[in-house]
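Nothing here was measured: the structure is a model prediction, and the numbers come from that model. Just so you know, residue 1 is the first one in the sequence shown, and it goes up from there.
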Amino acid sequence: MKTYQLYINGQYVDPANGEWFETIDPYRGEAWAKIPRGTAADADKAVKAANEAMWRGPWAKMTASARGKVMRKLGDLVAANAERLAEIEVRDNGKLMAEMLGQLRYHPEWWWYFGGLVDKLEGGLVPIDKAETFAYTTHEPVGVVAALTAWNSPLLFVAWKCAAALAAGCAVIVKPSEFTSASTLEFAALTKEAGIPDGIFNVVTGFGPEAGSALISHPGVAKITFTGSDTTGAKVYETAAKSLKRVSLELGGKSPNIVFEDADLTAAAAGAISGIFAATGQTCIAGSRLLVQSSIKEKFVARVLELAKSAKIGDPMQSDTNVGPITTPAQYKKVLDYIDIAKAEGARCLLGGKPASGDGIKGGQFVEPTIFTDVDNTMRIAREEVFGPVLSIISFDTEEDAISIANDTIYGLAAGIWTKDLARAIRVPKQLRAGTVWVNTYRAISYMMPFGGMKFSGVGRESGIDAVREYQETKSVWISTATDVPANPFVMR
């Protein structure tokens with residue numbers, strides 16, 4: 001069993017308390033590695049190293065172009081190690097190898113994109129309305145960033161948060177989920193190999209109340225970026241507010257996937273399945289509410305059922321597996337509880353609705369792909385985030401009905417629309433309160449496109465040029481060229 005160490009100031013080190021905890025393979029239900037149990041002492045050590053490296057170390061002295069080169073090299077190294085890192089993630093979180101390898105092969109794009117953007121983050125000359133004055137703006141790093149990542153896509157979130165933060169000139173301390181820390185600790189070695197100076201990228205693992213809270217409340221941390229549930233996100237926001245830290249939150253969702261009667265039903269059915277079952281439902285952008293126009297409901301649901309029934313459940317390492325295990329025991333219980341709640345509320349279960357069993361299923365954390373129909377948008381199954389392979393089908397009559405139902409939620413992370421009507425494809429996204437709207441596709445992401453939510457789905461944006469501004473402060477510089485002395489020094493110029 002491998003024993004990992006924390007990564008602080010360019011070195012792998014033991015936790016201050018000398019304690020480790022086991023990380024579990026969700027597929028086998030067995031411990032496979034030991035993760036350091038970091039505490040406030042470790043967080044403090046990392047924050048001090050990060051501040052020293054960022055403000056007084058070589059990172060501060062490097063030109064933007066030089067910083068960009070090491071970031072792009074890091075992307076090259078991730079590309080060369082993608083398969084190894086993906087295998088570690090699958091072992092840690094139980095998601096499909098096909099999905100995690102796809103993420104790791106795409107991961108380098110963030111380092112290449114933001115590494116190329118570093119020396120193009122220009123300030124501006126302001127044609128100021130004051131005589132004999134030269135005025136301009138610059139964009140400077142906000143300070144040390146604490147990045148708290150979720151267990152469903154650990155290294156993808158590292159790319160989303162850290163590439164933009166480093167491009168802005170910041171140093172980062174990653175606190176990964178205690179359930180999936182191994183891949184981030186492995187990734188840390190690649191930052192050293194790429195030439196990122198010691199102290200600029202750090203990893204402190206452990207539990208939220210110990211390591212996470214210490215980072216969020218530490219006076220040496222200027223910015224918090226967090227991915228997780230809205231409940232935990234609200235607590236992070238509250239704690240960070242006490243010291244007026246900048247905060248970005250990417251939280252939960254209850255995303256509507258809307259199918260209109262004029263849609264390509266074959267493509268829409270595939271999109272509905274991909275939206276909820278491809279990641280075992282363990283994604284914040286899951287299309288967990290399938291809104292179907294009443295006129296096509298019967299034939300469309302039949303297509304969705306046919307596809308869902310073909311899903312192979314089993315070993316996530318196998319390329320032909322479609323649905324893997326639930327990552328954690330607590331989440332497994334939560335998914336089953338929501339299935340019971342849905343049945344009690346009167347939703348009709350068309351498929352699944354119970355734990356999965358059979359050949360190739362181990363570890364005791366599998367749930368059958370589950371589909372409910374006759375769901376009303378007031379039911380808990382339609383309003384609360386399940387984070388599992390559970391789909392709720394809701395019917396609607398008109399476009400106005402669909403928009404009303406879609407927006408009737410506390411969340412606003414994503415939405416999908418399926419239609420052949422170009423006017424509708426342009427019209428409906430304007431009316432949906434969601435940070436991302438896909439038309440005739442679902443779960444598409446890019447390093448170029450901003451990602452984030454409205455309402456309870458979060459604050460701020462990740463990816464794209466917008467993301468860098470989340471990690472910068474704008475500074476205004478005034479230079480007087482006047483040679484005279486003010487006649488009245490008590491009055492503003």
Side-chain angles (χ1 to χ4, degrees), residues 146-153 156-157 160-161 177 208 212-213 216 223-242 245-258 275-276 279 281-291 330-331 334-335 337-338 341-342 345 375-388 390-392 394 402-417 428-438 442-443 445 449-463 466-467 470:
L148 284 68
T149 59
W151 46 259
N152 52 334
S153 295
L156 186 64
F157 294 138
W160 286 16
K161 298 175 186 301
S177 166
S213 294
I216 296 166
K223 162 87 180 187
I224 306 295
T225 173
F226 169 84
T227 296
S229 72
D230 57 296
T231 302
T232 304
K235 294 177 181 177
V236 170
Y237 210 174
E238 181 181 9
T239 302
K242 293 177 182 177
K245 288 179 171 59
R246 305 293 187 268
V247 177
S248 296
L249 304 171
E250 196 270 281
L251 308 177
K254 198 67 186 175
S255 301
N257 206 354
I258 308 168
I276 186 65
Q282 297 177 117
T283 170
C284 53
I285 54 176
S288 55
R289 288 189 298 154
L290 181 60
L291 278 56
Q331 186 60 30
K334 177 184 174 183
V335 172
D337 286 347
Y338 269 112
I341 289 168
E345 287 182 320
V375 176
D376 184 276
N377 203 52
T378 61
M379 294 178 178
R380 287 182 64 187
I381 197 69
R383 304 200 71 78
E384 299 173 19
E385 187 175 39
V386 177
F387 222 69
V390 181
L391 179 64
S392 297
I394 303 170
I403 294 167
S404 177
I405 295 169
N407 287 335
D408 183 19
T409 173
I410 62 172
Y411 298 108
L413 189 58
I417 300 168
V428 174
K430 294 179 181 179
Q431 300 176 70
L432 294 176
R433 294 287 295 160
T436 294
V437 180
W438 293 290
Y442 203 87
R443 291 186 72 219
I445 59 168
M449 285 293 281
F451 180 84
M454 301 178 181
K455 300 187 282 187
F456 272 57
S457 288
V459 177
R461 293 294 181 266
E462 296 182 312
S463 297
D466 292 25
E470 299 282 346

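- Side-chain atoms of Arg289 do not come within 3.5 Å of backbone N or O of Asn257 as any donor-acceptor pair.
- Looking at Lys254, its side chain never comes within 3.5 Å of a backbone N or O of Ala286 through a donor-acceptor pair.
- The backbone N or O of Gly228 sits nowhere less than 3.5 Å from a side-chain atom of Thr232 that would complete a donor-acceptor pair.
- In this structure, Val390 and Val335 have side chains that are in contact, with non-hydrogen atoms separated by less than 4.5 Å.
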Report all side-chain donor-acceptor pairs from residues 406-413 shorter than 3.5 Å, counting only partners two or more places apart or in another chain.
{"residue": "Asn407", "atom": "OD1", "partner": "Arg433", "partner atom": "N", "Å": "2.9"}
{"residue": "Asn407", "atom": "ND2", "partner": "Ile403", "partner atom": "O", "Å": "3.4"}
{"residue": "Asn407", "atom": "ND2", "partner": "Gln431", "partner atom": "O", "Å": "2.9"}
{"residue": "Asp408", "atom": "OD1", "partner": "Arg383", "partner atom": "NH2", "Å": "3.3"}
{"residue": "Asp408", "atom": "OD2", "partner": "Asn377", "partner atom": "ND2", "Å": "3.3"}
{"residue": "Thr409", "atom": "OG1", "partner": "Tyr411", "partner atom": "N", "Å": "3.1"}
{"residue": "Tyr411", "atom": "OH", "partner": "Asp230", "partner atom": "OD1", "Å": "3.0"}

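- Remark: side-chain polar atoms of Glu385 are not paired, donor with acceptor, to backbone N or O of Gly252 under 3.5 angstrom.
- Not a single side chain to side chain donor-acceptor pair (under 3.5 Å) links Lys334 to another residue, sequence neighbours left out.
- Between Leu432 and Ala415, the closest heavy-atom pair is CD1-CB, 3.9 Å.
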message: side-chain contact (heavy atoms from CB on, under 4.5 Å) for Thr436 and Met449? Distances and angles first, verdict last.
response: CA-CA 9 Å; Thr436 294; Met449 285 293 281; over 6 Å; no
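- Nearest heavy atoms, Glu250 versus Cys284: OE2-SG, 3.2 Å.
- A distance-only check finds a donor-acceptor pair linking the side chain of Gln331 to the backbone of Val386 [under 3.5 Å].
- Residues Glu462 and Pro450 fail the side-chain proximity criterion, which asks for heavy atoms closer than 4.5 Å.
- Between Ser229 atom OG and Leu249 atom CG the span is 10.5 Å, to the nearest 0.5 Å.
- Taking both residues in full, the closest heavy atoms of Ala240 and Ile224 are given as CB-CG1, 4.2 Å, listed atom of the first, atom of the second, then distance.
- Glu345 places a side-chain N or O within 3.5 Å of a backbone atom of Arg380 that can act as its donor or acceptor partner.
- Remark: Ile445 engages Tyr106, Trp110, Leu156, Trp160 in a side-chain contact (heavy atoms from CB on, under 4.5 Å) (not counting sequence neighbours).
- A 4.5 Å side-chain heavy-atom check between Val375 and Ile381 finds at least one atom pair inside the cut-off.
- A centroid separation of less than 6.0 Å is found between the aromatic rings of Trp151 and Phe387.
- Atoms OG and CD, from Ser153 and Gln282 in turn, are 9.5 Å apart once rounded to the nearest 0.5 Å.
- With sequence neighbours left out, Ser404 forms a side-chain contact (heavy atoms from CB on, under 4.5 Å) with no residue at all.
- Here the closest non-hydrogen pair linking Ile276 and Gly388 is CD1-O, 3.8 Å.
- In this structure, OH on Tyr237 lies 15.0 Å from NZ on Lys242, to the nearest 0.5 angstrom.
- Judged as a side chain to side chain donor-acceptor pair (under 3.5 Å), and not counting sequence neighbours, the contacts of Thr227 are Lys161.
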task: Would you please test Glu470 and Lys223 for salt bridge (Lys or Arg N to Asp or Glu O under 4.0 Å) and show each step?
output: CA-CA 9 Å; Glu470 299 282 346; Lys223 162 87 180 187; 3.6 Å; yes
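- Between Ile285 and Trp438, the shortest heavy-atom contact is CD1-CH2, 3.8 Å.
- Judged by distance alone, with hydrogens and angles left aside, the side-chain atoms of Ser463 form no donor-acceptor pair with the main-chain N or O of Phe451 at under 3.5 Å.
- Side-chain contact between Pro256 and Ile405 is absent, with no heavy-atom pair separated by less than 4.5 Å.
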message: Please evaluate residues Val437 and Ile417 with respect to the criterion side-chain contact (heavy atoms from CB on, under 4.5 Å), reporting the C-alpha separation (whole Å), side-chain torsions for both, the decisive distance (0.1 Å), and the verdict.
response: CA-CA 8 Å; Val437 180; Ile417 300 168; 3.8 Å; yes
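- Annotation: side chain to side chain donor-acceptor pair (under 3.5 Å) contacts of Arg461 (sequence neighbours excluded): none.
- The two atoms that bring Ala402 and Ile258 nearest to each other are CB-CG2, 3.9 Å, heavy atoms only.
- In this structure, Tyr338 places its OH atom where more than 12 heavy-atom neighbours from other residues, nucleotides or ligands lie under 6.0 Å away.
- The backbone N or O of Thr225 sits nowhere less than 3.5 Å from a side-chain atom of Ser248 that would complete a donor-acceptor pair.
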